[in-house]
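All remarks here apply to the structure that follows.
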Amino acid sequence: MVAGAAKDQLCQRLLDAVDHGKSNTPEYHYYPQNWFEPYLERRRRCGFGLYATLGIGRDDKAKREAQARRNFQLFDAPVGLFITMDRRLETGSFMDCGMFIQSVMLAARGQGLHTCPQAAFAWYHSIIRDELKLDENSLLLCGIALGYEDMQAPENGFITERESAENFTTFHGV
């Protein structure tokens, strides 16, 4: 967890790397190597919808980059959480970590806080590893911005579409 001056220092290092094009190759594939349907169209609708909500046109590269940079400021949240797992574990541990992440997010809501899980940090794992003094067996999975929701921020009014349960669930004996 980072907050205060430690968070500010980490964010500045990340922003400097972003501004100078110094990302890493992620240590694991977060996204598919080749997008396919229905996921490609869902991803596009989500991205286009978010940027439309923010008033950012598809061709407005400067505003798109400015919005992307906000990831590395933890969207102005006062606290950043960085989730790691021991890289010697296997695929099932990703599922365990996913359940842990969701539990943290639900616990935060129970305390009146909001969260934003962020995959963008995977491309800057070496900076985070250095800044947070992570050992060589720590695999950075994601970051989570933690704080109070800004009710005036347009992006907080954007709700992504949800697929109907009937479209991805097979019911037996129900």
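Note that the numbering runs from 1 along the sequence shown for the chain. Computed from a prediction, not measured in an experiment: that's the story for all the values here.
Looking at residues two or more places apart in sequence or on another chain, you find no salt bridge (Lys or Arg N to Asp or Glu O under 4.0 Å) involving Asp96. With sequence neighbours excluded, the residues that form a ring pair (Phe, Tyr, Trp, His ring centres under 6.0 Å) with Tyr124 are Phe72. Taking the ring pair (Phe, Tyr, Trp, His ring centres under 6.0 Å) definition, one finds that Tyr30 meets it with nothing, sequence neighbours left out. Remark: Arg87 pairs with Glu27, Arg129, Asn137, Leu139 by the side chain to side chain contact (heavy atoms under 4.5 Å, CB included) rule, at least two apart or across chains. Applying the ring pair (Phe, Tyr, Trp, His ring centres under 6.0 Å) test to Phe100 and every residue at least two apart in sequence or in another chain returns nothing.
Minimum heavy-atom separation, Gly49 to Phe158: C-CE1, 3.4 Å.
Classified by interplanar angle (parallel below 30°, tilted 30° to 60°, perpendicular above 60°), the ring pair Trp35/Tyr31 is tilted.
A heavy-atom distance below 4.5 Å is found between the side chains of Asp130 and Arg13. No side-chain heavy atom of Phe82 sits less than 4.5 Å from a side-chain heavy atom of Leu134. In this structure, Leu81 and Val104 have side chains that are in contact, with non-hydrogen atoms separated by less than 4.5 Å.
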Report task. Tell me, with the steps shown, if Ile128 and Leu14 meet side chain to side chain contact (heavy atoms under 4.5 Å, CB included). Result -> CA-CA 8 Å; Ile128 294 165; Leu14 290 165; 4.2 Å; yes

Report task. Decide yes or no on side chain to side chain contact (heavy atoms under 4.5 Å, CB included) for Asp19 and Arg69, but give the supporting numbers first. Result -> CA-CA 9 Å; Asp19 292 344; Arg69 284 180 94 250; 2.8 Å; yes

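Linking ILVMFWY side-chain heavy atoms closer than 4.5 Å, directly or via other members, places Tyr148 and Met1 in a single hydrophobic cluster. No path of Ile, Leu, Val, Met, Phe, Trp and Tyr side chains, each step under 4.5 Å between heavy atoms, connects Tyr51 with Phe48, placing them in separate hydrophobic clusters. In the hydrophobic cluster analysis, where Ile, Leu, Val, Met, Phe, Trp and Tyr join through side-chain heavy atoms closer than 4.5 angstrom, Leu15 is grouped together with Phe121. Hydrophobic clustering (side-chain heavy atoms under 4.5 Å, transitive across Ile, Leu, Val, Met, Phe, Trp, Tyr) groups Tyr28 together with Met85. Linking Ile, Leu, Val, Met, Phe, Trp and Tyr residues whenever their side-chain heavy atoms come within less than 4.5 Å leaves Ile101 and Phe75 in two separate clusters.
Rounded to the nearest 0.5 angstrom, Leu106 CG and Met99 CE are separated by 13.0 Å. For the atom pair CG of Asp76 and SG of Cys116, the computed distance is 11.5 Å after rounding to the nearest 0.5 Å. Atoms CD and CZ, on Gln111 and Arg109 in that order, are 10.5 Å from each other to the nearest 0.5 Å. Atom CG of Leu146 and atom CG of Leu74 lie 10.0 Å apart (nearest 0.5 Å). Atoms CD1 and CD, on Ile83 and Gln118 in that order, are 11.5 Å from each other to the nearest 0.5 Å.
Between the side chains of Gln12 and Asp16, a donor-acceptor pair is found at a separation under 3.5 Å.
Applying the salt bridge (charged side-chain N to carboxylate O under 4.0 Å, His left out) test to residues at least two apart or on different chains, the pairs with a partner in residues 140-160 are Arg70-Glu155.
Between the side chain of Lys7 and the main chain of Ala77, a donor-acceptor pair closer than 3.5 Å is present. Remark: side-chain polar atoms of His125 are paired, donor with acceptor, to backbone N or O of Thr25 under 3.5 angstrom.
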